[in-house]
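Accompanying notes for the structure given below.
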Number of protein chains: 2
Amino acid sequence: MARVADQLIETLRNEIRSGALRPGDQLEEAALAERFDVSRTPVREAVRSLVDSGLLETRPRKGAFVRVLTAKELIDLFEVAAELEGMACRLAAERLTGEDASSIETAMQLCRDAVNRDDKTAYAKANLAFHESIHLAAGNSRLVEQIEQLAGHINPYRAMPFQMRGRLQKSTEEHARIAEAILENKGAEADDLMRDHMMLQGQRLPIILEAIESR
Amino acid sequence: MARVADQLIETLRNEIRSGALRPGDQLEEAALAERFDVSRTPVREAVRSLVDSGLLETRPRKGAFVRVLTAKELIDLFEVAAELEGMACRLAAERLTGEDASSIETAMQLCRDAVNRDDKTAYAKANLAFHESIHLAAGNSRLVEQIEQLAGHINPYRAMPFQMRGRLQKSTEEHARIAEAILENKGAEADDLMRDHMMLQGQRLPIILEAIESR
DNA sequence: TAAGACTTATATGTATACATATAGGTAATT
DNA sequence: AATTACCTATATGTATACATATAAGTCTTA
């Protein structure tokens, strides 16, 4: 990872993820080259790579822009992500080891703690840890890759704070039920619960999209 | 698509898909540049892109090679592909339009014809058309993208002819049941049938891998 | 003022020139 | 013969120089 191009990819990806670069923003090759004090070559490489991965799009003769997803594209994305997260739960339940079980329980407890303290930052982190503990337990690294790829596309649209009142509490309760199903090796149930859980998030999409359009 | 780099990507992708380039084969930048009579720049871009997409891998200071998947990686791949193909069937059953229904039936008939004529080439084509008709009916373009991405990785390992006796017939019968479930709007059933169908293919993996190792 | 020709800045793609690190081979030394 | 020092070809990454097409602005002319 000594390559400038790789650092650029990382940096840009983070800026997109964090919302510093927002959907629709332009990325000018020359400007980036100057900003990072490198030549166009590694910049081009980074941009190409991000275009390949779908995070950027190029409008012919215009330049590269942070990709703007349509409502339909976002919904499709969510639908696939929900399916794969559900699959991860099913596999986790089927293949659970003792170690996996305790990671899941630990992450679950972190979520509860964060909710009790009403610490949204901690919750975000714990939430991620919860999902990751399940991914690990599923024992399919390609599945994890695919999920992460999809998450990378969804994240820019999550940058805005849309924590509805009481949603954190609800979300944690759903997590608890999912965790329970996995720990009891009820794969099909865990699958369904996770899919529903994800889809509840997805239902907030219209609100999110509206907020984006009007900014 | 006027770019040399894009043509290179296409060409190399096809050569990998078709088996002209086999897992483990090296791709030398200089050699490719000479072969296509272009400079290293577009070659590098193409190689980078294929590495990003996972079709190639680079061994540090060695060069780029057609990626070799381990047995575990292939199994993981198949597992995810089976899930998504199943999902496509479920969605297709739920969202089926009259047009979708007739495309599926048409493709199904093409499969039957190919089997009756024992025409393996025609079958391969019809089989693809069958899957694609379902993908279209699922109405989720991201899902299709993901499936195609996975297929691109599985294909190099399908290049070898491994049509077991009678498998074509069996496969078509499975297709018929899947099609029937979709046309009757039985989403869950279609999902399960397709997943099973895919997994039967997956079970041939050990044989395929053995064949690869020993060549 | 409006339509069309013209110009320019920019995006884009490619080629070439360097610079550096290292894998793998060669030579030297024991 | 084996180990080590050394050397060289190659991979790799970056910079720079061109070349071309076109979007967008400017100017001309009616």
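So that the names make sense, note that chain A is the first sequence line, chain B the second, and so on, each numbered from 1. Remember, predicted model here, so these are calculated numbers, not experimental data.
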Presence of B/Thr41 side-chain N/O under 4.0 Å of C/dT14 phosphate oxygens OP1/OP2 =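 No, B/Thr41 has no side-chain N/O under 4.0 Å of OP1/OP2 on C/dT14.
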
How many Å lie between CD on A/Gln7 and C1' on D/dG13, as a whole number?
->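 Rounded to the whole Å, the gap is 12 Å.
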
What is the ring orientation for B/His175 with B/Tyr123, classed by angle as parallel under 30°, tilted 30 to 60°, or perpendicular over 60°?
->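 Rings of B/His175 and B/Tyr123: parallel, as their planes differ by under 30°.
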
Pull out every residue in residues 46-54 of chain A that has a heavy atom closer than 4.0 Å to any atom of DNA chain D, ordered by number, or say none.
->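 Nucleic-acid contacts, sorted: none.
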
When you look at A/Leu69 and A/Tyr157, which way does the side-chain contact (heavy atoms from CB on, under 4.5 Å) test go after all the steps?
-> CA-CA 9 Å; A/Leu69 296 185; A/Tyr157 295 89; 3.5 Å; yes

Nucleotides 4-12 of chain D: protein proximity per nucleotide (B base, S sugar-phosphate only, - neither; heavy atom, under 4.0 Å) = -------BB

Salt bridge or not for B/Arg142 and A/Glu79, using N-O below 4.0 Å?
->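 No salt bridge links B/Arg142 with A/Glu79.
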
Got a second to check how far A/His197's NE2 is from A/Glu174's CD, nearest 0.5 Å?
->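 A/His197 NE2 to A/Glu174 CD: 5.5 Å, rounded to 0.5 Å.
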
Whether over 12 other heavy atoms sit under 6.0 Å from B/Gln26 CD =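 Counting other residues, nucleotides and ligands, CD of B/Gln26 exceeds 12 neighbours.
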
Without swapping roles, check the side chain of [X] against the backbone of [Y] for a donor-acceptor pair under 3.5 Å.
X: A/Asn140; Y: B/Asp76; result: yes
X: A/Arg95; Y: A/Ala138; result: yes
X: B/Asp191; Y: B/Arg90; result: no

Nearest listed nucleotide, side chain of A/Ala5, among D/dA15, D/dT14, C/dT16 =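 Nucleotide nearest to A/Ala5's side chain: D/dT14.
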
